[in-house]
Amino acid sequence: MQETPFSLRVVNLLPYSMSHSNTTEFTNPSTFILLGIPGLETAHVWTSIPFFTMYAIAILGNFTILFIVKMEPSLHEPMYSFLCMLGVCDLVVSTSIVPKMLSIFWFNSREIDFNACLTQMYFIHCFSVMGSGILVAMALDRYVAICDPLRYSTILTKPVVVKIGLAVVLRGCIIVLPHPFLARRWPYCRTNIIPHSYCEHIAVVKLACTDTRISSYYGLFVAFLVMGLDVFSITVSYVQILKAIFSLPTKDARHKTFRTCGSHLCVILVSYIPPLFSFLTHRFGHNVPQHFHILIANVYILVPPMLNPIIYGVSTKQIRDRLLRLFTHKGTYSFLLLIWLSERALCRDHRGHGSGPSS
């Protein structure tokens, strides 16, 4: 029996055809089809290698940071509480995307349920907004620590940190909620094929066969509101921080103080530059191939979760020391276990020789 081409199977999944677009009352499709990276289908397996590597590093790095902060009492400070929140956001965002993306690359599993697609869309954007808010909270933490160090413990108390965390979570949950709500209301009659590797908001909304300017404008409003206000807040904080640093009397003091916020600056650059580059290529790079846009969209989602724990692990002495002690203890236990097993083996050999027939 001749196998049905994939393109025909996709057509069969469409709830309505364009010829019926004027006579049929449309409903949402039961499934969408994710293409992965259009134009690079033959290289999906090879493309999956760097994405899987970045995801594995992100999972290992963020779980390590969470474990070390929990186990090390000296790290139970507001800065590291915010770092743990950022790690959780990074884990949720990357896990919302990568498993399905790898199933497309490895097993050609392109279908995704309509509700699952909207859920993925919500989690991606919601936790991305939360991550941006946490970066603002971390900038506030550095501002208080450097500009008003004597009042640091009285300003950023545990209740205050909890309230900041709740505000960040509520902002992310509420501000992104209209995305899936509006997307669910639109009728989809053109196609259910999404030329993307995940359910990105605009990629899904473009499939609707009605005026979706509300979704588009709201998406731009969220992007400018979140990135604009957050970047502005971080910039104001660091202007004050730099003023305080340059007013210090000695070069050594300036260098030491600047080093305390250097890792946070690196995380800010890693978190905001890739999405800004993706936004600019979408708006002005009309001659850029589509697969390049999709690759950039995947990279800017996966690079921050991979690099954030590395940046803080390398630049924070307490984390480095705790990690070194952890591996040293494990190495010691392994060495002692190896010695014990060797002694057991020698004892067995000795007993075996002693019980044998004498010559």
Side-chain angles (χ1 to χ4, degrees), residues 32 34-38 40 44 47-63 65 85-106 112 116-135 168 172-173 175-176 179-180 183 194-206 219-220 222-223 226-227 230-231 266-283 285 288 290-311:
F32 281 122
L34 292 167
L35 292 185
I37 303 178
L40 294 181
H44 270 176
T47 309
S48 69
I49 295 175
F51 288 132
F52 174 77
T53 303
M54 286 190 287
Y55 180 59
I57 294 173
I59 293 290
L60 179 62
N62 283 289
F63 271 116
I65 293 292
M85 296 179 199
L86 183 63
V88 171
C89 289
D90 287 342
L91 287 170
V92 173
V93 170
S94 56
T95 303
S96 299
I97 293 175
V98 177
K100 180 59 183 177
M101 183 170 62
L102 293 179
S103 72
I104 296 171
F105 292 164
W106 292 344
I112 184 171
C117 184
L118 297 184
T119 302
Q120 185 191 55
M121 176 200 302
Y122 180 74
F123 271 79
I124 293 168
H125 293 284
C126 175
F127 280 86
S128 296
V129 171
M130 287 185 200
S132 181
I134 292 167
L135 291 177
V168 168
C173 292
I175 201 171
V176 179
H179 280 346
I194 302 175
H196 213 295
S197 57
Y198 59 88
C199 292
E200 198 271 335
H201 173 240
I202 295 300
V204 174
V205 169
K206 281 182 178 179
L220 286 173
V222 170
V226 171
M227 290 193 67
D230 289 357
V231 170
C266 292
V267 168
I268 290 171
L269 295 176
V270 166
S271 298
Y272 285 118
I273 288 180
L276 178 62
F277 180 73
S278 177
F279 175 80
L280 292 175
T281 55
H282 270 286
R283 288 291 177 270
V288 177
Q290 185 182 24
H291 65 263
F292 184 78
H293 288 297
I294 307 301
L295 283 171
I296 292 298
N298 284 296
V299 166
Y300 91 72
I301 289 289
L302 287 175
V303 165
M306 177 188 69
L307 290 183
N308 290 348
I310 295 175
I311 291 170

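Numbers here are sequence positions counted from 1.
To the nearest 0.5 Å, atom CD1 of residue I301 and atom CG of residue D90 are 10.0 Å apart. Considering CE of M121 and CD1 of I194, their distance stands at 7.5 Å, rounded to 0.5 Å. Within the model, atoms CD1 of I97 and CD1 of I124 stand 4.0 Å from one another, a figure rounded to the nearest 0.5 Å. One finds the CD atom of E200 at 12.0 Å from the NE2 atom of H293 (value rounded to the nearest 0.5 Å). Atom CG in L34 sits 5.5 Å away from atom CD1 in I112 (nearest 0.5 Å).
The shortest non-hydrogen separation linking C89 to G131 is SG-N, 4.0 Å. The shortest non-hydrogen separation linking H291 to P38 is CB-O, 3.2 Å. Nearest approach of V129 to G172, heavy atoms of both residues: CG1-CA, 3.8 Å. Considering every non-hydrogen atom in both C173 and M130, the closest pair reads SG-CE, 3.6 Å.
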For this session: Before giving the answer on side chain to side chain contact (heavy atoms under 4.5 Å, CB included), spell out for V168 and M85 the whole-Å C-alpha distance, their side-chain angles and the decisive distance to 0.1 Å.
Result: CA-CA 10 Å; V168 168; M85 296 179 199; over 6 Å; no

For the pair C117 and C199, evaluate disulfide (SG to SG under 2.5 Å) and give the outcome as yes or no after the intermediate values.
CA-CA 6 Å; C117 184; C199 292; 2.0 Å; yes

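S132 has its side chain within reach of Y272: a pair of non-hydrogen atoms, C-beta onward, lies under 4.5 Å apart. The side-chain heavy atoms of I37 and F105, taken from C-beta on, include a pair separated by under 4.5 Å. Two residues are said to be in side-chain contact when any heavy atoms from C-beta on lie closer than 4.5 Å; F127 and V176 fail this criterion. A 4.5 Å side-chain heavy-atom check between L91 and F63 finds at least one atom pair inside the cut-off. Looking at heavy atoms from C-beta onward, N308 lies out of side-chain contact with I65 at the 4.5 angstrom threshold. Two residues are said to be in side-chain contact when any heavy atoms from C-beta on lie closer than 4.5 Å; P305 and Y55 fail this criterion. Between S48 and H44, the closest side-chain pair of non-hydrogen atoms is not below 4.5 Å. Side-chain contact between L135 and D230 is absent, with no heavy atoms from C-beta onward closer than 4.5 Å.
Taking M54 as the reference, F51, L302, V303, M306 meet the side-chain contact (heavy atoms from CB on, under 4.5 Å) condition, with sequence neighbours excluded. Legend: residues meeting side-chain hydrogen bond (donor to acceptor under 3.5 Å, both in side chains) with N62, ordered by chain and number and at least two apart, are absent.
Every pair tested for side chain to side chain donor-acceptor pair (under 3.5 Å) that includes a residue from residues 119-129 fails, sequence neighbours excluded, so the list is empty.
Between the side chain of H179 and the backbone N or O of G219, no donor-acceptor pair lies under 3.5 Å. Proximity of a side-chain donor or acceptor of S271 to a complementary backbone N or O of I268 within less than 3.5 Å is not detected.
Partner of S197 under the side-chain contact (heavy atoms from CB on, under 4.5 Å) criterion, out of L295, I294, V98: I294 alone.
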